[in-house]
Amino acid sequence: MNVVIIGLGYVGLPLAQEAVRSGVSITGFDVNQGAVDGLNAGRSHIDDLSDADVASMVAGGFRATTSLADIKDPDTIVICVPTPLSESDGPDLTAVKAATETAAKLLRKGTTVVLESTTYPGTTDEIVRPMLEKSSGLTAGLDFHLAFSPERIDPGNQKFGVKNTPKVVGGLTPACTSAAAEFYGQFIDTVVPAKSAREAEMAKLLENTYRHVNIALVNEMAIFSHELGVDLWDAIRCAATKPFGFQAFYPGPGVGGHCIPIDPNYLSYKVRAELSYPFRFVELAQEINSRMPTYVVDRAAEILNTDAKAMNGAKILLLGVTYKKDIADQRESPARPIARKLLQRGAVLSYHDPFVENWQVDGKDIARAADPVTDADLTILLQSHSTYDLPDIAARSRLLFDTRGTKLSGDGVFPL
């Protein structure tokens, strides 16, 4: 089977790796010449794959290109490009449309096209299908197969990857579903057929909206639990002992990453655009989660006051500026809005993160501390990377604001 994966980022590259391991011939297409050159030279540009992993892929026949002339008659085309939010907080399908135009140039009778990019229900049928049909003159469901299969990549997860994470697949027709399922079944343990592409699209948004809403719930509880003198972390620990009917979610300084701050807005957009009323749970969750950076900064000012310090002129160290523990990915990290607000209040800011060599906020370079313990008036733990010796940091920091519930103790330690 000759397969083309369009988009060689955090979704497309791990997918290509797993397919190559199973003997599938993979060509990766990307518009980033630097990334393509690096991959062909055995260099990785994402957290989950090492240079050795990429070199092994290349040895197994993988190649990357920016030229369609290098691609000949693919049996399957998989689109794995970003879908960020537009300025109006709706889905930005620019990359999906560009990738679809690329796929259309490669399309022939019998080809299977799969969209993996997260989007709102109806995108595969209403956006991708007409573009492919118009450009190729072929008909989806008759001349070629078209399906949606949501990516379920969890960067940094050592337990679940492409192979052992069940793969949801929904096609425009049952035959489309079968064709896509057959492709994924070559290298993924469990394939879950959906009723259609719309159900597969909705499944992805349901997963992330569920997390978004529950994170907002505990974030709001964290705010009033502090005022009530309740240790919410201990309450969650106790509640989690119930063997049914409860799943633990934890508060934090805000939500980050490629999914939670973005994906639920696609569904909210679709409901407003087509049904003319708000998806209130999503919009409320967005409001709560978006205000957490402000809450963190307000609490930081309170903590400084306990040491008779004003925030204006105070030295503040941020520990961990990535959106997730033990990875370098900074997408939508709450560290940036927190830093912005601290700077606006006159703080003298520095950061430490073992995964981030250089860090900017609104074009301003933030000083990188050589050590996670400095002479800062306040240290704010935003991401508890495994390399951090947290008890030592707590013991040697003047004041420590722990936003991650790491159960540190001491007179100078303040939990979220």
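The figures that follow rest on heavy atoms only: side chains count, while hydrogens, waters and symmetry mates do not. Nothing here was measured: the structure is a model prediction, and the numbers come from that model.
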Checklist outcome for this item: CG of Asn40 to OG1 of Thr65, rounded to nearest 0.5 Å, is 7.5 Å

Checklist entry - Can you tell which of Leu317, Ile393, Leu400 makes a side chain to side chain contact (heavy atoms under 4.5 Å, CB included) with Val373? => result Ile393

Checklist entry - Between Met292 and Ile223, does a side-chain contact (heavy atoms from CB on, under 4.5 Å) hold up when you go through it step by step? => result CA-CA 9 Å; Met292 288 306 292; Ile223 293 172; 3.9 Å; yes

Checklist entry - Can you find a pair of side-chain heavy atoms, one from Lys109 and one from Leu138, that are under 4.5 Å apart? => result yes

Checklist entry - If you look at every heavy atom in Glu126 and Pro130, which pair is closest and at what distance? => result O-CG, 3.4 Å

Item to check | Gln286 side chain reached by His212 side chain, heavy atoms, under 4.5 Å | outcome: yes

Item to check | Side-chain donor-acceptor pair present, Asp73, Asn2, cut-off under 3.5 Å | outcome: no

Checklist entry - Does CD in Glu182 sit with more than 12 non-hydrogen atoms of other residues, nucleotides or ligands closer than 6.0 Å? => result no

Checklist entry - Are there more than 12 heavy atoms of other residues, nucleotides or ligands under 6.0 Å from atom CZ of Phe355? => result yes

Item to check | Evaluation steps, salt bridge (charged side-chain N to carboxylate O under 4.0 Å, His left out), between Glu283 and Arg272 | outcome: CA-CA 11 Å; Glu283 295 182 10; Arg272 277 193 177 274; 2.7 Å; yes

Checklist entry - Between Leu343 and Ala347, what is the shortest heavy-atom contact and its length? => result CD2-O, 3.9 Å

Checklist entry - For Ile327 and Pro155, which heavy atoms make the closest approach, and how far apart are they? => result CD1-CB, 4.0 Å

Item to check | From Cys80 atom SG to Ile153 atom CD1, the distance as rounded to the nearest 0.5 Å | outcome: 8.5 Å

Item to check | Spacing of OG belonging to Ser25 relative to CG belonging to Asp75, to within rounding of 0.5 Å | outcome: 9.0 Å

Checklist entry - Is there side-chain contact between Leu15 and Phe187, with heavy atoms separated by less than 4.5 Å? => result yes

Checklist entry - Within the distance-only criterion (no hydrogens, no angle test), does the side chain of Arg43 pair as donor or acceptor with the backbone N or O of Ala35 below 3.5 angstrom? => result no

Checklist outcome for this item: Heavy-atom nearest pair, Ala394 first then Val413, reads CB-CG2, 3.9 Å

Checklist entry - For Ala140, does its backbone N or O pair with a side-chain atom of Glu133 as donor and acceptor, under 3.5 Å? => result yes

Checklist entry - Where the side chain of Lys204 meets the backbone of Thr119, is there a donor-acceptor pair that is under 3.5 Å apart? => result no

Checklist entry - Are side-chain N/O atoms of Ser268 and Asn265 paired as donor and acceptor at under 3.5 Å? => result no

Checklist entry - Between NE2 of His385 and OG1 of Thr322, what distance do you get to the nearest 0.5 Å? => result 3.5 Å

Checklist entry - Hey, is the main chain of Phe249 close enough, under 3.5 Å, to the side chain of Asn214 for a donor-acceptor pair? => result no

Item to check | Trace of the side-chain contact (heavy atoms from CB on, under 4.5 Å) decision for Val58 with Leu39 | outcome: CA-CA 8 Å; Val58 172; Leu39 290 171; 5.9 Å; no

Checklist entry - Should Arg345 and Asp298 be marked as a salt bridge (charged side-chain N to carboxylate O under 4.0 Å, His left out) after you check the CA-CA gap, both sets of side-chain angles, and the distance that decides it? => result CA-CA 10 Å; Arg345 297 196 190 187; Asp298 288 342; 2.5 Å; yes

Checklist entry - Would you find a donor on one side and an acceptor on the other, under 3.5 Å apart, between the side chain of Asp51 and the backbone of Ser44? => result yes

Checklist entry - For the residue pair His352 and Tyr388, does the interplanar ring angle fall in the parallel (under 30°), tilted (30 to 60°) or perpendicular (over 60°) class? => result tilted

Checklist outcome for this item: The salt bridge (Lys or Arg N to Asp or Glu O under 4.0 Å) partner of Lys324 among Asp154, Asp48, Asp329, Asp47 is Asp154

Item to check | Cys176 versus Gly141, closest heavy-atom pair with distance | outcome: SG-CA, 3.9 Å

Checklist entry - Does any non-hydrogen side-chain atom of Glu287 lie less than 4.5 Å from one of Glu220? => result no

Next on the checklist: Strictly distance-based, threshold 3.5 Å: is any side-chain N or O of Asp353 a donor or acceptor partner for the main-chain N or O of Val321?
Outcome noted: yes

Checklist entry - Considering only heavy atoms from C-beta outward, does the side chain of Lys270 approach that of Leu205 to under 4.5 Å? => result no

Next on the checklist: Please check this pair: side chain of Asn219 against backbone of Ala216, looking for a donor-acceptor N/O pair closer than 3.5 Å.
Outcome noted: no

Item to check | Thr124 and Glu201: CA distance, side-chain angles, deciding distance, side chain to side chain donor-acceptor pair (under 3.5 Å) verdict | outcome: CA-CA 8 Å; Thr124 305; Glu201 291 162 334; 2.6 Å; yes

Checklist entry - Just by distance, do the side chain of Thr165 and the backbone of Phe160 share a donor-acceptor pair under 3.5 Å? => result no

Checklist entry - If you count the non-hydrogen atoms of other residues, nucleotides and ligands that lie under 6.0 Å from CD in Gln247, is the total more than 12? => result yes

Next on the checklist: Nearest 0.5 Å, please: how far is OG1 in Thr76 from CD1 in Ile5?
Outcome noted: 10.0 Å

Checklist entry - Quick one: does Val297's side chain get under 4.5 Å of Gln344's, heavy atoms only? => result no

Next on the checklist: On a heavy-atom basis, which atom in Gly9 and which in His45 lie closest, and how many Å separate them?
Outcome noted: CA-NE2, 4.3 Å

Next on the checklist: For the backbone of Leu381 and the side chain of Arg404, can you confirm whether one donor and one acceptor N or O come within less than 3.5 Å of each other?
Outcome noted: no

Checklist outcome for this item: dist His226:NE2 -> Tyr295:OH (nearest 0.5 Å) comes out at 5.0 Å

Checklist entry - Between the side chains of Gln33 and Thr66, does any donor sit under 3.5 Å from an acceptor? => result yes

Next on the checklist: The test is side-chain contact (heavy atoms from CB on, under 4.5 Å); show your working for Ile188 and Lys163 and say whether it passes.
Outcome noted: CA-CA 4 Å; Ile188 294 178; Lys163 183 175 176 58; 5.7 Å; no

Next on the checklist: Just so I know, are the side chains of Leu342 and Leu318 near enough to count as touching, which here means a heavy-atom distance under 4.5 Å?
Outcome noted: yes

Next on the checklist: Is it the case that atom NZ in Lys325 sees more than 12 heavy atoms from other parts of the structure closer than 6.0 Å?
Outcome noted: yes

Next on the checklist: Less than 4.5 Å apart, side chain to side chain, heavy atoms only: is that true for Phe279 and Leu267?
Outcome noted: yes

Checklist entry - Would you find a donor on one side and an acceptor on the other, under 3.5 Å apart, between the side chain of Ser178 and the backbone of Pro174? => result yes

Checklist entry - Is it the case that Glu274 and Tyr120 place a side-chain donor and acceptor less than 3.5 Å from each other? => result no

Checklist entry - With Ser117, which of Thr123, Ile79, Leu93 fulfils side chain to side chain contact (heavy atoms under 4.5 Å, CB included)? => result Ile79

Next on the checklist: Under the criterion side-chain contact (heavy atoms from CB on, under 4.5 Å), I'd like the reasoning laid out for Thr27 against Lys72: C-alpha separation, chi angles, the key distance, then a yes or no.
Outcome noted: CA-CA 10 Å; Thr27 300; Lys72 303 297 182 184; over 6 Å; no

